[in-house]
Amino acid sequence: AVRACVHPLSKVGPGQRVVTIEGLGRGQRLHPVQRAFVEEQAVQCGYCTNGMIMESVAFLAGNKNPSEADIRKALANNLCRCGAYSNIRDAIEDVVLGGEQ
């Protein structure tokens, strides 16, 4: 996962794939992380949502069974203005426990 605001498209190399928040789901079906964020009410003001979801998807792709400490560390650089961190961690844990990564 990279921050689009500091990673210009011109830096994307040949053969590299760019996936945005809109490209995670399939048709009308949300990605499991997106669905978990909705179900756990981790989506509040929307300020951090895209970054938290994209970072979570990338993190879970490399860590199928993270601890709570792993989740906290993975999301440490994302700021949630609402303070919904516990809901966000719950959403990620739901995905891990549900095995839908």
Side-chain angles (χ1 to χ4, degrees):
V2 298
R3 288 175 173 78
C5 60
V6 295
H7 192 86
L9 194 55
S10 62
K11 297 289 184 188
V12 177
Q16 288 184 310
R17 191 169 157 232
V18 174
V19 178
T20 64
I21 190 84
E22 296 84 3
L24 286 179
R26 298 288 178 240
Q28 295 298 314
R29 193 168 143 240
L30 294 175
H31 183 279
V33 173
Q34 291 171 309
R35 188 172 48 252
F37 267 62
V38 172
E39 291 170 359
E40 287 294 338
Q41 298 180 10
V43 178
Q44 290 189 23
C45 78
Y47 179 80
C48 72
T49 306
N50 294 348
M52 288 286 194
I53 290 173
M54 296 305 289
E55 189 68 41
S56 297
V57 169
F59 166 66
L60 292 173
N63 189 339
K64 303 292 185 196
N65 192 24
S67 67
E68 184 178 342
D70 294 334
I71 294 169
R72 285 177 183 267
K73 184 177 178 184
L75 299 178
N77 291 324
N78 293 64
L79 173 67
C80 173
R81 298 177 103 176
C82 299
Y85 295 107
S86 61
N87 299 53
I88 292 166
R89 281 192 308 275
D90 290 346
I92 296 167
E93 289 172 353
D94 285 356
V95 173
V96 171
L97 294 174
E100 297 185 73
Q101 301 166 40

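Not measured: the values here are computed from a predicted model.
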Going by atom type alone, with no hydrogens or angles, which donor-acceptor pairs under 3.5 Å involve a side-chain atom of residues 16-26 and a protein atom two or more places apart or on another chain?
unit_1, atom_1, unit_2, atom_2, d
Gln16, OE1, Gly13, N, 2.4
Thr20, OG1, Glu22, N, 3.4
Thr20, OG1, Glu22, OE1, 2.9

Shortest non-hydrogen separation from [X] to [Y] and the atoms involved:
X     : Y     : value
Pro66 : Leu60 : CG-CD2, 4.0 Å
Ala36 : Ala91 : CB-O, 3.4 Å
Pro8  : Val6  : CD-O, 3.6 Å
Asn78 : Arg3  : OD1-NH2, 4.1 Å
Cys80 : Met52 : CB-CE, 4.1 Å
Ala61 : Lys64 : O-NZ, 3.8 Å

If you measure from [atom1] on [X] to [atom2] on [Y], what distance do you get to the nearest 0.5 Å?
X     : Y     : atom1 : atom2 : value
Arg89 : Glu68 : CZ    : CD    : 5.0 Å
Ser56 : Ile88 : OG    : CD1   : 7.5 Å
Leu75 : Tyr85 : CG    : OH    : 9.5 Å
Glu40 : Ile92 : CD    : CD1   : 10.5 Å
Gln41 : Asp90 : CD    : CG    : 11.0 Å
Glu93 : Ser67 : CD    : OG    : 9.0 Å

Transitively linked via ILVMFWY side-chain contacts under 4.5 Å: [X] with [Y]?
X     : Y     : result
Val38 : Val96 : no
Leu79 : Val43 : yes
Ile53 : Val2  : no

Do Asn87 and Phe37 pass the side chain to side chain contact (heavy atoms under 4.5 Å, CB included) test, and can you show the C-alpha distance, the side-chain angles, and the key distance before you say yes or no?
CA-CA 8 Å; Asn87 299 53; Phe37 267 62; over 6 Å; no
